[in-house]
Amino acid sequence: MIVAKFGGSSMADAEQFKKVKRIIESNPHRSAVVVSALGKSELEPVKLTDQLIKLSQLKSNKLQYQNELVKIEKRLADIKAALALNVDIVELLKPIQSPQNNLTEAEITSRGEYFTATLLADYLDWQMVDAADFISINNHQIDYDLSLKKLNQITNEKQHLIVPGFYARNEQQQITLLERGGGDTSGAILANLLDADLYENWTDTSGILQVDPRIINHSRKIYELTFDELQELAYLGIQVFNSAAIHPVKIKGIPIQIKNTNHPQDLGTRVVLQRAHPTDITGFAGKQNQTIINLKQYQLNRDISAIAALINCLRSQNYNFEYYQTAADQLTLIFNQIEDQELCNALDLIQQQFSNQLEINVQNHIALVAIVSESLKQHPAMTGSFIDKLDQSDINVKSVFQATNDIKVVFGVNNCDYQNAIKMLYNQA
Ligand code: ASP
């Protein structure tokens, strides 16, 4: 069976609902569907989720929220009219309408997916199963056993289910939101619970490109990649798929197929445990505005007191580093840009404490540029040709991070060289 998740752009208006219905009905194996809230449409440039967040904020500040409510009601009523649905919109909106009703922001925001799922369930004549009735979070983690137990209590039929994405219930029995874009995660959780054969993720692009299209126009498409490769690319900023949604399907080896609701015939991108052709480079990604901190001291590996002082100082100021690399005399750490006077003062103190033996070097405005491929595991020396290429240009490579058995290599370059470095690496591959 297939769990299909449709994102906000796929659910933006009645025309999109029609496409979604055609897709669902074209394959009888698509028997469980997760939806995001109505996305931006031609008539309404704001996502339903953002409209609800605004409404909730106005409401809690005791300000006028009628305008927002009217806009939301119109969106739902337009879809109802265009698709000749039976849903009672007035009844549906009652909980968020009443000034007496003190719903939390999470409860109000979650109504975006709830309303959307209710409309789609009516349109398809399928059963709507509320995510809050079974997806359970315990200690910030999905409790799969409890979620499955609850799902089994709600329905024996694992057919023709519509589930609203983006929210769950926590151990205090409150509705809690997943992170923004979390509908992908809800779909992955449902695929896990139902032991799906495939998790389809329907969106508005025909899969993942090798490079951010803002840097390279019409770059090659990635037809197949592994969960780990997707995780690395998502971590460095590709936005087609929410990175938190990888784990629930990866642990059961359920492949993901990313597809385009507006062009369902396009192949899209498939995410699998193992690639059929793991020889080529999968993708390029990166992010700007990073800081490199480098500690250098003769035999730093034998006396780690300077490292301990640095780590304690970072800990006390709640800094998490992104990457680190060690060598006999050096430790290099990479952070999201730090321009914090307190940290600079603390680093000065460490420098004074270890005075003459230790050098601390901080570089700001650094960009990270990564090449991701499973083939780097078997052929780590592939990195050499990319370094050569960067070396021959006037791009100054500040650092290279590549761990043993790693599926990525990360270069640190100046922010201003970010796009050129990515273009150069892409053209070299
Ligand atoms: N509606 C939520 C958001 O806008 C969740 C999602 O779309 O997946 O972030």
Q: Kindly determine whether Arg111 and Leu93 satisfy side-chain contact (heavy atoms from CB on, under 4.5 Å), including the steps that lead there.
A: CA-CA 9 Å; Arg111 294 307 81 187; Leu93 287 175; over 6 Å; no
Are any of the side-chain heavy atoms of [X] and [Y] separated by less than 4.5 Å?
X: Ser399; Y: Gln325; value: no
X: Asp184; Y: Asn201; value: yes
X: Ser9; Y: Lys40; value: no
X: Ile246; Y: Val271; value: no
X: Ile311; Y: Phe321; value: yes
X: Thr226; Y: Thr282; value: no
X: Thr104; Y: Thr109; value: no
X: His365; Y: Cys416; value: no

Could you measure the distance from the [atom1] atom of [X] to the [atom2] atom of [Y]? Nearest 0.5 Å is fine.
X: Thr185; Y: Leu178; atom1: OG1; atom2: CG; answer: 6.0 Å
X: Leu300; Y: Leu331; atom1: CG; atom2: CG; answer: 6.5 Å
X: Leu177; Y: Thr49; atom1: CG; atom2: OG1; answer: 8.5 Å
X: Arg22; Y: Asn27; atom1: CZ; atom2: CG; answer: 15.5 Å
X: Lys19; Y: Ile24; atom1: NZ; atom2: CD1; answer: 14.0 Å
X: Asn170; Y: Gln141; atom1: CG; atom2: CD; answer: 13.5 Å

Q) Checking side-chain contact (heavy atoms from CB on, under 4.5 Å) for the pair Ile53/Lys47: CA distance, chi angles, key distance, verdict? A) CA-CA 10 Å; Ile53 292 173; Lys47 290 178 173 189; over 6 Å; no
Using every non-hydrogen atom in the two residues, find where [X] and [Y] come nearest and quote the distance to one decimal.
X: Glu179; Y: Ala244; result: OE2-CB, 3.5 Å
X: Val272; Y: Pro255; result: CG1-CB, 4.3 Å
X: Tyr65; Y: Ile96; result: CE1-O, 4.0 Å
X: Phe284; Y: Ala429; result: CZ-CB, 3.6 Å
X: Ala4; Y: Arg30; result: CB-CD, 4.5 Å
X: Asp266; Y: Lys259; result: O-NZ, 2.9 Å

So does [Y] get a backbone contact from the side chain of [X], meaning a donor-acceptor N/O pair under 3.5 Å?
X: Gln97; Y: Pro95; value: no
X: Thr176; Y: Ala168; value: no
X: Thr116; Y: Tyr114; value: no
X: Thr269; Y: Ile222; value: yes
X: Asn336; Y: Gln290; value: no
X: Glu113; Y: Ala37; value: yes
X: Glu229; Y: Glu374; value: yes
X: Lys59; Y: Ser98; value: yes
X: Glu44; Y: Lys71; value: no
X: Tyr123; Y: Ile79; value: no

Any chance [atom1] of [X] has more than 12 other-residue heavy atoms, nucleotides or ligands included, within less than 6.0 Å?
X: Gln337; atom1: CD; answer: yes
X: Leu273; atom1: CG; answer: yes
X: Lys150; atom1: NZ; answer: yes
X: Lys149; atom1: NZ; answer: no
X: Gln172; atom1: CD; answer: yes
X: Gln173; atom1: CD; answer: yes
X: Ile304; atom1: CD1; answer: no
X: Asp125; atom1: CG; answer: no

Q. Do we get Lys287 above Tyr235's six-membered ring, with its NZ or CZ under 6.0 Å from the centre and within 45° of the axis?
A.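 The answer is yes, since Lys287 meets both limits relative to Tyr235.
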So, [X] versus [Y]: side-chain donor-acceptor pair below 3.5 Å or not?
X: Asn139; Y: Glu171; value: no
X: Asn260; Y: Gln265; value: no
X: Asn415; Y: Asn289; value: yes
X: Lys158; Y: Asn152; value: yes
X: Ser41; Y: Asp13; value: no
X: Ser375; Y: Ser373; value: yes
X: Gln402; Y: Asp406; value: no

Q | Met128: which of Asp122, Val35, Leu119, Thr118 passes side chain to side chain contact (heavy atoms under 4.5 Å, CB included) | A |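 When side chain to side chain contact (heavy atoms under 4.5 Å, CB included) is applied between Met128 and each of Asp122, Val35, Leu119, Thr118, only Thr118 qualifies.
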Q. So which of Val3, Val249, Ile135, Val34 actually passes side chain to side chain contact (heavy atoms under 4.5 Å, CB included) with Ile189?
A.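 So the option named by the test is Ile135.
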Q) Thinking salt bridges, do Arg275 and Asp280 make one under a 4.0 Å N-O criterion? A)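 Asp280 and Arg275: salt-bridged.
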(Q) Less than 4.0 angstrom from a charged side-chain N to a carboxylate O is my criterion; do Lys54 and Asp50 meet it? (A)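 No, Lys54 and Asp50 are not salt-bridged.
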Q.
Under the criterion side-chain contact (heavy atoms from CB on, under 4.5 Å), I'd like the reasoning laid out for Leu194 against Leu151: C-alpha separation, chi angles, the key distance, then a yes or no.
A. CA-CA 10 Å; Leu194 296 179; Leu151 181 61; 3.8 Å; yes
Q) Do any pairs count as a ring pair (Phe, Tyr, Trp, His ring centres under 6.0 Å) and have a residue in residues 2-60, sequence neighbours left out, and if so which ones? A)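 For residues 2-60, and leaving out neighbouring residues, the ring pair (Phe, Tyr, Trp, His ring centres under 6.0 Å) pairs sorted by first residue read Phe6-Trp202.
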Q. Between Phe401 and Thr332, is a side-chain contact (heavy atoms from CB on, under 4.5 Å) present by the stated rule, with each step listed?
A. CA-CA 10 Å; Phe401 295 84; Thr332 307; 4.0 Å; yes
Q: Walk me through it: do Ser10 and Lys5 pass the test side-chain hydrogen bond (donor to acceptor under 3.5 Å, both in side chains)?
A: CA-CA 10 Å; Ser10 306; Lys5 184 262 166 180; over 6 Å; no
